Asker: 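Sharing a structure below in structure tokens format, with a few things to ask.
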Amino acid sequence: GENVEQHPSTLSVQEGDSAVIKCTYSDSASNYFPWYKQELGKGPQLIIDIRSNVGEKKDQRIAVTLNKTAKHFSLHITETQPEDSAVYFCAATYSGYALNFGKGTSLLVTP
Amino acid sequence: NAGVTQTPKFQVLKTGQSMTLQCAQDMNHNSMYWYRQDPGMGLRLIYYSASEGTTDKGEVPNGYNVSRLNKREFSLRLESAAPSQTSVYFCAVAGGVGSYEQYFGPGTRLTVT
């Protein structure tokens with residue numbers, strides 16, 4: 001599928017600080033952008049998503065922004081907590097309903 | 001309500017052996033997917049089934065076959081396992097037309113020696 005680039009690959013923040021993860025995509029036809037959280041030994045869990053007709057979406061401490069012109073989208077986590085520590089993946093649709101994933105960001109929140 | 005279940009959880013194979021990974025869902029979703037996850041590579045799509053009776057290749061289909069047995073079940077078969085197929089395999093489901101959200105199972109960790 002088309003490439004989805006994700007940065008940074010690792011991120012360490014102190015509890016209470018904000019964390020931002022950024023992704024870029026190349027397929028201009030992509031119209032759905034989910035974010036997944038994966039804890040050790042578990043499957044990815046959908047935490048928030050955004051469609052191409054929306055610029056921003058918020059759910060409590062997490063938010064996602066989308067810039068279709070620049071083909072990039074970001075995950076924002078505010079007031080981070082130790083339980084936010086996990087690997088986060090972004091993704092974008094291609095060929096209809098298939099998803100192309102970024103390579104992941106390992107987030108560590110230290111008390 | 002188990003959502004998406006995968007069996008087995010762990011498996012060790014010798015090179016050349018065959019096996020089938022099973023995925024079942026009780027979410028009544030139309031689309032089912034098989035991914036593999038390797039360190040530093042994210043999740044890569046192997047095969048998917050948009051609806052019962054259809055299957056399509058994803059990004060990395062070589063060495064695998066799939067069967068959409070019915071709406072609930074989607075299996076992944078390795079006919080002759082190779083060490084390069086050592087990975088964690090995830091099954092996912094989605095609602096189908098107009099519904100993009102994918103929900104993942106707990107995974108199968110496969111080692112080929």
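Note on naming: letters A, B, ... go to the chains in the order of the sequence lines (proteins, then strands), and numbering restarts at 1 for each one. Just so it is clear, the model here is predicted, and its values are computed rather than measured. Only heavy atoms go into these numbers, but all of them, side chains included; no hydrogens, no water, no symmetry mates.
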Asker: Do A:D49 and B:E101 touch side chain to side chain, with heavy atoms closer than 4.5 Å?
Answerer: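 Sidechains of B:E101 and A:D49: in contact.
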Asker: Among B:V93, B:L69, B:V66, find the one that has a side-chain contact (heavy atoms from CB on, under 4.5 Å) with B:F74.
Answerer: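 Testing B:F74 for a side-chain contact (heavy atoms from CB on, under 4.5 Å) against B:V93, B:L69, B:V66 leaves exactly one candidate, B:V66.
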Asker: In terms of heavy-atom contacts, does CD of A:E83 have more than 12 from other residues, nucleotides or ligands at under 6.0 Å?
Answerer: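 More than 12 within 6.0 Å, yes.
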Asker: Going through the distances and angles, do A:Y36 and B:F104 end up as a ring-ring contact (aromatic ring centres under 6.0 Å, His included)?
Answerer: CA-CA 10 Å; A:Y36 287 84; B:F104 283 78; 5.3 Å; yes
Asker: What part of B:L43 is in contact with chain A, defined as an atom under 4.5 angstrom from a non-hydrogen atom: side chain, backbone, both or neither?
Answerer: both
Asker: Applying disulfide bond (SG atoms under 2.5 Å apart) as the test, list every pair that has at least one member in residues 55-87 of chain A; sequence neighbours left out.
Answerer: none
Asker: What part of B:Q37 lies closer than 4.5 angstrom to a heavy atom of chain A: side chain, backbone, both or neither?
Answerer: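 The side chain, not the backbone.
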Asker: Between A:A91, A:P44, A:G104, A:G102, which residue shows the highest count of heavy-atom pairs closer than 4.5 Å to chain B?
Answerer: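 Top option by heavy-atom pairs under 4.5 Å: A:P44.
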Asker: In terms of heavy-atom pairs under 4.5 Å, which option from B:Y33, B:F90, B:Y103 contacts chain A the most?
Answerer: B:F90
Asker: Taking side chain as everything from C-beta outward and backbone as N, CA, C, O, which of these in A:Q45 sits under 4.5 Å from a heavy atom of chain B? Side chain, backbone, both or neither.
Answerer: neither
Asker: Examine whether an atom of A:P34 lies under 4.5 Å from a heavy atom of chain B, and if so say whether it belongs to the side chain, the backbone or both; otherwise answer neither.
Answerer: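 It is neither, since no heavy atom gets under 4.5 Å.
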